[in-house]
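Single-structure report; data block below.
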Amino acid sequence: MPVQGGYKSAPMLDLRYVAQNFDAVVARLKTRSGNLDLGPFQKLFTERRELYVAMEGLAARRNTANDEMKKKAKEDPAALEALRGDLRAVSQEIKEKEARLKEVEEEINRILLLIPNIPHESVPVGTSEADNPVVRTWGEKPNLPFTPRQHFDIGEKLGMLDFERAAKVSGSRFTFYKAALARLERALVTFMIDVHTQKGYTELLPPYLVLRETMMGTGQLPKFEEDAFKTAGDPERFLIPTAEVPVTNYHADEILEGGQLPVKYCAFSPCFRAEAGAAGKDTRGLIRQHQFHKVELVKFATPDTSLQELEGMTDDACDILRRLGLHHRVVLLCTGDMGFSARKTYDIEVWLPGQQAYREISSCSDCGDFQARRAKIRFRAQKGDKPQLLHTLNGSGLAVGRTSIALLENYQREDGSVAIPEALVPYMGGMREIRPL
RNA sequence: GGAGGAGUGGCCGAGCGGCUGAAGGCAGCGGUCUUGAAAACCGCAGAGGGUGAAAGCUCUCCGUAGGUUCGAAUCCUACCUCCUCCGCCA
């Protein structure tokens, strides 16, 4: 009867760290949005340790007694019977403790799985996006000598975005792209991946359906189940909300060699989001759809380099916008605006003339060891060293649909046609502008 | 979907219910030898948890989860994955 050990019950935050710095951790977590309830965590943690100690004592006793059994079995059958009775009681006690330990660990995990990552110290405290400082800005707003239209007007006038038929076929928040705009979307994907692979990102084309534990690994579950689409079969599978999910879990349960870090991947995928909490928000156009395309960047880095890698990744995403000549700015998310798994996040916001607003087109996060702990991704600094958790990073490079929006709004002309930036012309088969059908 | 077969340490591959954390081989690391290298020989070498300042001590792990037993890699049950053949299919 095996005593449970190992990292099977992988804690979501460093158990010991949380236990030893309880107040500080709670205080920092409270700067995030949402409620925080650590419940009976400390009591459970103590009980867990006591159970471990007790079980070990019993197991040790049983093991030595079992060695006796080997001898007695041959020499002294009578004593064997007596011993057997004793041991049965010991085994029984171990089983009981084991059952209780399992309960305790499940309770601890239930609590910890719902607790977000601890914000890094360089992240400003704040409650909403209004508190996100602008870190830098690139380019300038285009000077359009007419009232700029929003992308959905442009697309419909071109006859290349069809929201009505999409609603007929799939319901709200879907779109048919047509002709040159369909090609533009495809061209953007290829363009982005070409740029990233030239910088050392390895292209990965991931599965779009993943298991529950995969969604757990990156932090989408268990807390945000209502945001995801789920299949009916057994096992249930989830449509990925981002390629971050399959790509980060690509190395789940692995030990990487320190020398090969950072490992960098880029991956195109469609993304599926239920948008449960977004009713009434961005209902028109391509901004918020149930399905969109994204090229994702993922890095696996050592703890001491991850913050620096985040800067690099953010710049790699910005580079796409620079090459496309799109005005944008980078903001640092405050504690209250960050995602569940992140310890530090930069959002890149592109200027949309039609909306007269900056809109998020990329989000780049350093997740520290948060996802690595959940997904059991480790590295070995030197041969012979103990494996330790690595750091994971992810960022959009970029959201393709929103890039299409930015191109439409920034390169629109008064007559309804749209220019194609130089960098994309080769990917559009030489096409330099998009004219109405 | 139907019929078979298999899942053991970085890899290959043994393993009568106790002497197996696991033979043997390869790769790896350290050393002897050598002008250097190779070969040969010797040695070290899995992952985690608990406790401890550390050394150490101890517990767990042979696809996963249960079960039988004083004791399971070895017996039983279910599940998962992979391979082969048939059917179906982009």
Side-chain angles (χ1 to χ4, degrees), chain A residues 1-20 42 44-109 112 205 207-217 231 233-237 246 249-260 270 369 372-390:
Chain A
M1 98 297 299
V3 174
Q4 292 304 317
Y7 56 75
K8 271 171 192 160
S9 54
M12 302 318 135
L13 293 171
D14 186 335
L15 251 192
R16 192 179 310 192
Y17 179 79
V18 173
Q20 287 172 353
Q42 282 177 302
L44 289 167
F45 180 74
T46 305
E47 187 178 356
R48 170 177 174 273
R49 183 164 48 199
E50 287 167 358
L51 283 167
Y52 263 115
V53 173
M55 283 169 61
E56 279 189 8
L58 289 168
R61 196 172 132 205
R62 183 202 60 200
N63 288 347
T64 50
N66 277 334
D67 287 340
E68 289 297 307
M69 296 287 287
K70 288 179 220 161
K71 298 175 193 163
K72 292 254 165 60
K74 287 168 188 167
E75 305 161 5
D76 188 354
L80 185 88
E81 272 314 309
L83 247 183
R84 183 173 286 172
D86 278 1
L87 285 181
R88 186 172 296 151
V90 171
S91 282
Q92 194 53 38
E93 199 177 343
I94 291 177
K95 277 185 188 171
E96 281 161 19
K97 292 235 188 302
E98 192 182 355
R100 176 57 191 158
L101 178 66
K102 200 174 167 186
E103 281 173 27
V104 169
E105 297 221 305
E106 277 172 7
E107 268 184 79
I108 289 176
N109 275 346
L112 289 183
L205 189 65
Y208 304 153
L209 288 167
V210 297
L211 299 171
R212 172 171 288 272
E213 61 193 272
T214 306
M215 293 282 273
M216 292 272 222
T231 63
D234 181 29
E236 59 185 359
R237 291 182 227 274
N249 281 284
Y250 181 74
H251 286 304
D253 237 329
E254 293 183 16
I255 301 172
L256 306 183
E257 288 307 326
Q260 67 187 112
D369 64 13
R373 177 173 283 107
R374 289 178 165 237
K376 297 161 203 149
I377 314 170
R378 294 172 293 172
F379 78 105
R380 208 187 301 271
Q382 302 275 324
K383 282 194 176 174
D385 284 3
K386 285 267 178 192
Q388 56 180 309
L389 293 170
L390 48 68

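Throughout, protein chains are lettered first and strands after them, A, B, ... in sequence-line order, and every chain is numbered starting at 1.
- Here, G13(B) and G17(B) have their C1' atoms 22 Å apart, quoted to the whole Å.
- Within the 4.0 angstrom heavy-atom criterion, only backbone atoms of the sugar-phosphate kind lie near Pro387(A); the bases stay farther away.
- If you take CG of Leu58(A) and P of G50(B), they are 18 Å apart, rounded to a whole angstrom.
- Rounded to whole Å, the C1' atom of G21(B) lies 11 Å from the corresponding atom of A73(B).
- When each of Phe45(A) and Pro235(A) is assigned the nucleotide of RNA chain B bearing its nearest heavy atom, the one mapping closer to the 5' terminus is Phe45(A).
- By the neighbour-count criterion of 12 heavy atoms within 6.0 Å, atom CZ of Arg212(A) is densely surrounded, having more than that number from other residues, nucleotides or ligands.
- Atom P of nucleotide C59(B) and atom CD1 of Ile94(A) are separated by 11 Å, given to the nearest angstrom.
- With a cut-off of 3.5 Å on both pairing distances, G87(B) has no Watson-Crick or G-U wobble partner at all.
- Pair check for A37(B) finds none; no Watson-Crick or G-U wobble contact set falls under 3.5 Å.
- Atom CZ in Arg212(A) sits roughly 22 Å away from atom P in U64(B) (whole-Å rounding).
- Spacing of C1' atoms, C59(B) relative to A3(B), comes out at 44 Å, to the nearest Å.
- Across all strands shown, A73(B) remains unpaired; no Watson-Crick or G-U wobble contact has both distances below 3.5 Å.
- One interatomic measurement links the two molecules: CD1 of Ile108(A) to C1' of G50(B), which rounds to 14 Å at whole-angstrom precision.
- With sequence neighbours left out, Gln92(A) forms a side-chain contact (heavy atoms from CB on, under 4.5 Å) with Glu96(A).
- Side-chain nitrogen and oxygen atoms of Arg88(A) include none within less than 4.0 Å of the OP1 or OP2 phosphate oxygen of G71(B).
- The partner of U68(B) cannot be assigned: no Watson-Crick or G-U wobble pair with both contacts below 3.5 Å exists in any strand.
- Using a cut-off of 4.0 Å between Lys/Arg side-chain N and Asp/Glu carboxylate O, Arg48(A) and Glu105(A) are scored as salt-bridged.
- Distances were taken from every side-chain heavy atom of Lys95(A) (C-beta onward) to each of U69(B), U60(B), A47(B); the shortest belongs to U69(B).
- When distances run from any side-chain atom of Ser91(A) to the nucleotides G71(B), G66(B), A47(B), the shortest one goes to G71(B).
- Here G50(B) is the nucleotide among G48(B), C59(B), G50(B) with the atom lying nearest to any side-chain atom of Val53(A).
- With both ends at atom C1', the span from C62(B) to U8(B) equals 4 Å, rounded to whole Å.
- No more than 12 heavy atoms of other residues, nucleotides or ligands lie within 6.0 Å of OH in Tyr250(A), so this atom counts as exposed by the packing criterion.
- The pair Lys376(A)-Glu254(A) fails the salt-bridge criterion, with no side-chain N (NZ, NE, NH1 or NH2) lying under 4.0 Å from an Asp/Glu carboxylate O.
- Remark: Arg49(A) is in phosphate contact with U51(B), judged by side-chain N or O atoms under 4.0 Å from OP1 or OP2.
- The partner of G24(B) is C12(B), judged by Watson-Crick or G-U wobble contacts that both fall below 3.5 Å.
- When Watson-Crick and G-U wobble pairs are counted only if both distances are under 3.5 Å, G56(B) pairs with U51(B).
- Remark: Arg62(A) is in phosphate contact with U60(B), judged by side-chain N or O atoms under 4.0 Å from OP1 or OP2.
- Atom CD of Glu50(A) is separated from atom CG of Leu101(A) by 12.0 Å, given to the nearest 0.5 angstrom.
- Searching all strands for a Watson-Crick or G-U wobble partner of C19(B) with both distances below 3.5 Å returns nothing.
- If you take CG of Leu211(A) and P of U64(B), they are 17 Å apart, rounded to a whole angstrom.
- For the P atom pair drawn from A45(B) and U64(B), the interatomic distance equals 25 Å after rounding to whole Å.
- For G63(B) and C83(B), the C1' atoms lie 15 Å apart once the distance is rounded to whole Å.
- Rounded to a whole angstrom, the distance from the P atom of C29(B) to that of U35(B) is 24 Å.
- Going from atom CG of Leu211(A) over to atom CE of Met216(A) covers 11.5 Å, rounded to the nearest 0.5 Å.
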Apply side-chain contact (heavy atoms from CB on, under 4.5 Å) to Leu209(A) and Thr231(A), showing your working.
CA-CA 9 Å; Leu209(A) 288 167; Thr231(A) 63; 3.7 Å; yes
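- Contact annotation: the side chain of Met55(A) never approaches that of Glu93(A) to less than 4.5 Å [non-hydrogen atoms, C-beta and beyond].
- The separation between Glu98(A) atom CD and G66(B) atom P is 8 Å, rounded to whole Å.
- We find that CZ of Arg380(A) is positioned 12 Å from C1' of G28(B), with the value rounded to whole Å.
- Across all strands shown, U81(B) forms a Watson-Crick or G-U wobble pair with A6(B), both key distances being under 3.5 Å.
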Mind listing the N/O atom pairs, protein and nucleotides 54-58 of chain B, below 3.5 Å?
none

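- As rounded to whole Å, 20 Å separates atom P of G48(B) from atom CE of Met55(A).
- For the pair Glu107(A) (side chain) and Val104(A) (backbone), a donor-acceptor distance under 3.5 Å is absent.
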